[in-house]
Q: 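I'd like to ask some things about the structure below.
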4 protein chains.
Amino acid sequence: MINRVVLIGRLTRDVELRYTGSGTAVGQFTLAVNRSFTNRNGEREADFITCVIWRKSAENFANFTHKGSLVGIEGRIQTRNYDNAEGQRVYVTEVVVDNFSLLESRNQGEQRANQGGYQANNNSFGGNNSQPQAPTQPRSQAPQGPSNPAPTQNNSQPASNPNDPFAANGDSIDISDDDLPF
Amino acid sequence: MINRVVLIGRLTRDVELRYTGSGTAVGQFTLAVNRSFTNRNGEREADFITCVIWRKSAENFANFTHKGSLVGIEGRIQTRNYDNAEGQRVYVTEVVVDNFSLLESRNQGEQRANQGGYQANNNSFGGNNSQPQAPTQPRSQAPQGPSNPAPTQNNSQPASNPNDPFAANGDSIDISDDDLPF
Amino acid sequence: MINRVVLIGRLTRDVELRYTGSGTAVGQFTLAVNRSFTNRNGEREADFITCVIWRKSAENFANFTHKGSLVGIEGRIQTRNYDNAEGQRVYVTEVVVDNFSLLESRNQGEQRANQGGYQANNNSFGGNNSQPQAPTQPRSQAPQGPSNPAPTQNNSQPASNPNDPFAANGDSIDISDDDLPF
Amino acid sequence: MINRVVLIGRLTRDVELRYTGSGTAVGQFTLAVNRSFTNRNGEREADFITCVIWRKSAENFANFTHKGSLVGIEGRIQTRNYDNAEGQRVYVTEVVVDNFSLLESRNQGEQRANQGGYQANNNSFGGNNSQPQAPTQPRSQAPQGPSNPAPTQNNSQPASNPNDPFAANGDSIDISDDDLPF
DNA sequence: TTTT
DNA sequence: TTTT
């Protein structure tokens with residue numbers, strides 16, 4: 001059966017990159033996708049779409065994007081659920097990314113940063129799961145391969161849920177391999 | 001910005017068709033989309049994707065599908081939120097459908113029903129927002145136009161949420177026109 | 001960069017399955033995709049879209065479809081060109097398929113055949129490049145693996161072009177590996 | 001039936017904007033879409049995909065893009081044919097665009113022009129058939145409405161075909177309304 | 001040079 | 001709980 005999504009949008013934050021217990025990289029981010037129409041007040045709203053990306057792709061994507069980056073992504077819609085700490089079932093709908101395209105050159109990102117904003121450090125390349133083009137100066141150095149599952153510490157999220165692989169607790173990380181896309 | 005989804009799957013139930021206060025038809029349904037791969041136990045899982053369809057399209061879609069119907073749909077991912085009765089913010093991710101294609105002929109649906117199943121009464125046509133092909137014998141007669149906003153009663157859902165336009169309460173209906181796709 | 005196509009349509013003929021010099025399977029077929037609108041004469045026209053599929057996927061697809069089969073496919077648009085026998089450059093636009101979904105069960109295909117038609121022998125399964133579901137009774141037995149590159153003879157096409165990998169000449173087959181999708 | 005295409009790429013030339021006999025605007029352009037993989041020589045190739053856009057969208061798109069512009073488009077694959085001057089049937093496969101998104105701000109386009117290249121004058125907005133955002137300074141002034149069907153003269157193409165609506169002959173224009181998307 |  |  002067919003399940004295909006294509007989005008163009010901007011990252012609402014830097015990618016959150018983590019590692020499963022067995023060392024598989026997994027990135028999580030939200031894409032703000034502006035609607036092509038305005039509401040009754042003449043405002044252009046956006047959809048905020050949660051995305052997940054796995055393995056080498058996750059590391060590439062995290063290294064060459066940051067908050068505000070304009071990207072194109074391809075993937076599939078995934079639904080899953082888990083029981084939270086209060087014993088309630090939580091339903092999640094997200095996009096599992098299997099191809100992406102960075103739509104701003106390094107220069108453009110930096111220029112935006114200088115004009116407006118925040119620190120920019122991206123690079124323009126079309127990437128997919130296996131063959132990114134030669135990047136220059138990644139944002140941060142990720143662990144080399146799955147053999148060194150050093151979880152990214154992330155304390156910027158408020159509370160945390162030990163059952164949600166993406167509820168950052170800034171503590172021990174526990175992403176089950178059951179969440180792997182295959 | 002681009003936001004495009006294409007799905008092929010089966011309805012988990014009959015479409016829930018309602019009307020906004022101003023008489024606009026709105027249908028809600030869940031599509032079960034089988035994954036193209038199996039999990040570590042060799043089982044083929046499915047994603048259960050909530051979809052929304054509006055206006056004449058909603059009525060056409062509701063009239064010519066039923067639980068189990070195989071359909072192709074096109075749309076966009078929408079995110080929205082509302083505060084529930086307990087004062088908690090609830091986040092919703094769903095697909096707003098703007099084109100669909102019925103993938104089973106009437107005969108096939110009936111045949112499935114006779115062999116297995118449930119009452120079948122669909123028809124094969126490719127539809128989109130404006131030009132369905134001549135159907136024969138709709139499943140039920142929808143109100144003619146937006147002038148008669150008779151809500152479909154539906155008590156089959158467990159609890160209900162007065163603030164979620166799609167939390168069926170089988171009582172008074174209150175879908176705001178703010179949920180209209182434009 | 002993003003290049004994504006999703007189609008639902010019917011095969012205008014059986015898949016033409018061949019093998020490159022190095023034994024890679026390649027299938028070619030045309031999908032008739034009915035438009036969702038009618039022309040000024042009230043007729044529903046179709047687009048006839050040339051598709052290519054490679055390797056094990058090609059063999060699976062060929063074995064479980066036939067003329068008239070309803071399928072969903074995913075892929076990318078590819079353009080290429082070659083010089084024909086008359087020394088003219090020929091431009092080709094086609095869809096390279098990387099995932100497909102069969103939308104008719106075996107029963108349905110046979111039923112169509114009995115009612116109308118032609119010999120039916122398909123099977124319902126969702127397939128993609130690597131993991132087709134257990135099929136029953138393929139249409140024909142393909143060579144086992146790339147080690148035995150027995151080309152499918154096909155004399156049903158009129159003329160032939162030694163430079164077009166898909167201009168069937170019913171003679172020696174000469175598909176260059178340059179046409180491989182990677 | 002479903003027929004959906006999403007592309008991100010760059011215009012190989014400025015859009016060719018013309019008008020049918022009845023004054024409907026129609027734009028034609030080719031999108032260069034880089035592949036996400038390299039060939040056996042390590043080179044990244046591109047697909048060159050012919051696109052068509054109609055009506056107000058065509059005028060908006062033509063006014064705010066130019067050779068080299070990075071754009072995202074959505075549409076459907078269309079096939080058609082015509083008989084050329086030599087009496088041969090010519091088959092055309094192209095994408096009919098129904099939504100687009102400009103992926104470079106005006107600044108970026110101008111910066112590219114200053115650094116490398118060509119005159120830049122675009123603007124960043126997401127457009128679709130009906131609601132472009134306020135643009136500033138279009139590239140050229142298109143005729144106001146369908147009442148003044150002044151064809152764009154374009155002699156940059158080599159030969160020409162009086163039967164192909166898109167074979168620019170720089171002479172009299174003759175695009176049939178039969179080519180309208182509905 | 002086409003499918004249902 | 002958000003991007004430009």
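The chains referred to below are lettered A, B, ... by the order of the sequence lines, with proteins before strands, and numbering in each begins at 1. Predicted model, so just to flag it, every value in this text is computed and none were measured.
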Q: Going by heavy atoms in the side chains, are Thr65(C) and Phe29(C) under 4.5 Å from each other?
A: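 Contact flag for Thr65(C)/Phe29(C) side chains = no.
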Q: Select base, sugar-phosphate, or nothing to describe what Asn34(A) touches, counting heavy atoms under 4.0 Å on all strands.
A: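 Counting heavy atoms under 4.0 Å across all strands, the contact made by Asn34(A) includes a base.
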Q: Whole-Å distance between dT3(F) C1' and Asp47(A) CG?
A: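 Roughly 12 Å, once rounded to whole Å.
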Q: To the nearest Å, how far apart are Arg89(B) CZ and dT2(F) P?
A: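 Roughly 10 Å, once rounded to whole Å.
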Q: How long is the line joining CZ of Arg13(C) and P of dT3(E), in whole Å?
A: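 Roughly 9 Å, once rounded to whole Å.
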Q: How long is the line joining CZ of Arg44(A) and P of dT2(F), in whole Å?
A: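 One finds 20 Å between P of dT2(F) and CZ of Arg44(A), rounded.
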Q: Between Leu103(C) and Val71(C), is any pair of side-chain heavy atoms under 4.5 Å apart?
A: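 Side chain of Leu103(C) against side chain of Val71(C), heavy atoms only: no contact under 4.5 Å found.
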Q: Taking the side chain as everything from C-beta on, heavy atoms only, tell me whether Thr38(A) gets closer than 4.5 Å to Glu43(A).
A: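 Result no, sub-4.5 Å side-chain heavy-atom pair not found.
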Q: Please identify each residue that fulfils side-chain contact (heavy atoms from CB on, under 4.5 Å) with Thr79(B), with sequence neighbours left out.
A: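 side-chain contact (heavy atoms from CB on, under 4.5 Å) check on Thr79(B) returns Asp47(A), Phe48(A), Ile49(A), Thr93(B).
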Q: Between atom CG in Leu11(C) and atom P in dT2(E), what is the gap in whole Å?
A: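 Atom CG in Leu11(C) sits about 16 Å away from atom P in dT2(E).
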Q: In this structure, how many angstroms lie between the P atom of dT2(E) and the CZ atom of Phe48(C), rounded?
A: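 For the pair Phe48(C) CZ and dT2(E) P, the rounded distance is 8 Å.
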Q: Take the protein atom CD of Gln28(C) and the nucleotide atom P of dT2(E), then report the distance between them rounded to whole Å.
A: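 Spelled out: CD on Gln28(C) to P on dT2(E) is 16 Å.
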Q: Between dT3(F), dT3(E), dT2(E), spot the one nearest the side chain of Thr30(C), thanks.
A: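 In terms of side-chain proximity for Thr30(C), the closest of dT3(F), dT3(E), dT2(E) is dT2(E).
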Q: Can you tell me how far P of dT2(E) sits from NZ of Lys67(C), to the nearest Å?
A: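 The distance from NZ of Lys67(C) to P of dT2(E) comes to 10 Å, rounded to the nearest Å.
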